[in-house]
Amino acid sequence: MLVLVIGSILALVLVGSVLILILSLYSQPATSRNHVATSASPSPSPDVLIQAHPAVTPLFSDSFANNSKGWDTTGGPGFSKTIANHALTMTDRNHRILVAPLPVQQAFSDFQITVDMTLESGDSNDSMGIYMRGDDQLANDYRVDIFGDATYAISKEVTGLDGNTQVRILSGIFANKAIKPLGQQNEVTVIIKGNHIVLGVNGHLIASVTDNSYTSGMIALFVSNGTSSPAATAAITSVAVYPAPSQIP
């Protein structure tokens with residue numbers, strides 16, 4: 001009987017810890033664009049093309065016909081993640097960032113990722129995007145945002161010992177004619193190799209930056225509900241991760 005009681009207590013503690021981890025990772029505070037300094041660095045012309053789907057076997061891919069890959073669809077008050085109608089749909093109403101990590105036990109270093117994603121509802125302070133080379137709490141990472149007003153940002157997040165996270169813009173926040181506006185699908189491609197990060201949207205090169213902060217970590221998709229809209233919804237219909245190309249654009 002004593003063994004059963006102790007076992008039950010340990011099980012409850014373990015379940016509680018897992019739930020706390022899920023909620024802390026999947027519903028993070030959103031960053032207001034009003035509090036993020038923008039960069040003055042120029043963007044490459046969208047006339048430079050980028051190959052979104054190279055002719056190599058992907059390291060991971062999903063078109064969301066079902067949840068055979070095992071995505072975590074945990075939801076809660078004000079946020080939800082569902083897989084239906086060939087899409088992973090994420091909605092946040094809490095003015096936070098809702099995260100969907102790739103369902104793989106793997107740290108990614110150099111790679112190329114292409115995601116077909118649509119910001120279905122929101123405004124200019126809402127965004128969808130990709131986390132890269134993130135730690136297990138996504139406290140330190142690189143991140144690409146595509147905002148509701150057809151602007152973009154490439155950033156890195158840095159969390160200090162006090163737990164406060166700063167979002168440092170590496171390129172952006174800029175508009176680009178290759179980016180489609182709210183309600184239309186964008187094919188977002190990121191190549192990260194060594195200290196180079198390259199962003200392409202709809203087959204066009206948007207930005208290229210260098211940074212030496214992070215070398216490997218998790219990949220995650222996200223939707224961010226900013227400060228001014230009641231909700232933000234992103235629908236992802238395809239994701240594919242490839243080995244990094246031998247040469248970057």
Side-chain angles (χ1 to χ4, degrees), residues 23-39 43 64 71-101 113-132 134 138 141-155 157 165 167 169-190 199-202 204 206-207 219-239:
L23 290 176
S24 65
L25 178 61
Y26 290 4
S27 190
Q28 303 177 30
T31 301
S32 171
R33 299 205 318 173
N34 296 328
H35 297 97
V36 176
T38 60
S39 167
S43 298
F64 302 104
W71 293 83
D72 191 313
T73 54
T74 301
F79 67 97
S80 64
K81 289 181 286 185
T82 60
I83 293 179
N85 302 317
H86 292 270
L88 167 63
T89 302
M90 300 190 292
T91 298
D92 189 84
R93 300 179 178 86
N94 297 324
H95 307 294
R96 301 176 78 85
I97 301 175
L98 182 61
V99 180
I113 182 171
T114 296
V115 185
D116 291 331
M117 55 197 338
T118 305
L119 191 61
E120 294 186 335
S121 66
D123 65 14
S124 62
N125 285 314
D126 298 326
S127 67
M128 58 185 179
I130 308 167
Y131 282 105
M132 299 156 294
L138 289 178
D141 50 69
Y142 295 115
R143 156 178 156 188
V144 166
D145 287 82
I146 303 297
F147 292 96
D149 59 356
T151 59
Y152 79 89
I154 303 175
S155 314
E157 294 185 323
T165 299
V167 180
I169 302 295
L170 301 176
S171 180
I173 298 172
F174 295 129
N176 192 289
K177 64 183 181 181
I179 303 174
K180 295 179 182 178
L182 185 75
Q184 297 186 36
Q185 180 174 280
N186 282 286
E187 182 184 64
V188 181
T189 298
V190 181
L199 171 63
V201 178
N202 299 317
H204 298 283
I206 300 298
I219 299 173
L221 311 178
F222 72 87
V223 63
S224 176
N225 179 214
T227 58
S228 54
S229 77
T233 297
I236 295 95
T237 56
S238 176
V239 55

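- For Lys180 (side chain) and Val201 (main-chain N/O), no donor-acceptor pair under 3.5 Å exists by modelled atom type.
- Proximity of Leu170 to Tyr142: side-chain heavy atoms (C-beta onward) are separated by under 4.5 Å at one or more points.
- The CD1 atom of Ile130 lies 5.5 Å from the CE atom of Met117; values are rounded to the nearest 0.5 Å.
- We find the CG-CZ distance between Asp116 and Phe64 to be 10.0 Å, quoted to the nearest 0.5 Å.
- Annotation: the span from Ile206 atom CD1 to Asn186 atom CG amounts to 9.0 Å, rounded to 0.5 Å.
- Cation-pi geometry between Arg96 and Phe79 is not satisfied (NZ or CZ under 6.0 Å from the ring centre, within 45° of the ring normal).
- A donor-acceptor contact shorter than 3.5 Å is absent between the side chain of Asp145 and the backbone of Phe147.
- No donor-acceptor pair under 3.5 Å is formed between the side chain of Lys81 and the backbone N or O of Leu88.
- The minimum heavy-atom distance linking Leu138 with Ala220 is given by the pair CD1-CB, 4.1 Å.
- Residues Asn202 and Ala178 share a closest heavy-atom pair of ND2-O, 2.8 Å.
- The two residues Ala207 and Ser171 have their closest heavy-atom pair at CB-OG, 3.6 Å.
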(message) Walk me through whether Met132 and Val144 qualify under side-chain contact (heavy atoms from CB on, under 4.5 Å).
(response) CA-CA 8 Å; Met132 299 156 294; Val144 166; 3.9 Å; yes

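- From Glu120, atom CD reaches atom CG of Leu182 across 9.5 Å, with rounding to the nearest 0.5 Å.
- No donor-acceptor distance shorter than 3.5 angstrom exists from the side chain of Asp92 to the backbone of Ile97, with no hydrogens or angles considered.
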(request) Go through the steps to decide whether His86 and Thr237 satisfy the test side-chain contact (heavy atoms from CB on, under 4.5 Å), and finish with yes or no. (result) CA-CA 6 Å; His86 292 270; Thr237 56; 5.9 Å; no

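- Taking all atoms of both residues into account, the shortest heavy-atom contact from Ala235 to Thr89 is CB-OG1, 4.1 Å.
- Asn125 pairs with exactly one of Ser224, Ser229, Ser228 by the side chain to side chain donor-acceptor pair (under 3.5 Å) rule, that one being Ser228.
- Contact of the Ile236 side chain with the Met128 side chain is not registered, since no non-hydrogen atoms from C-beta on lie closer than 4.5 Å.
- Taking Thr233 as the reference, Thr91, Ser121 meet the side-chain hydrogen bond (donor to acceptor under 3.5 Å, both in side chains) condition, with sequence neighbours excluded.
- A 4.5 Å side-chain heavy-atom check between Asn225 and Asn94 finds every atom pair outside the cut-off.
- The shortest distance between side-chain heavy atoms of Tyr152 and Ile146 falls below 4.5 Å.
- Nearest heavy atoms, Ser155 versus Val167: CB-CG1, 3.7 Å.
- Taken to the nearest 0.5 Å, the CG atom of Leu119 stands 12.0 Å off from the CD atom of Gln184.
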(message) What verdict does the side-chain contact (heavy atoms from CB on, under 4.5 Å) test give for Asp149 and Asp123, after you've listed the backbone C-alpha separation in whole Å, the side-chain angles of each residue and the deciding distance to 0.1 Å?
(response) CA-CA 7 Å; Asp149 59 356; Asp123 65 14; over 6 Å; no

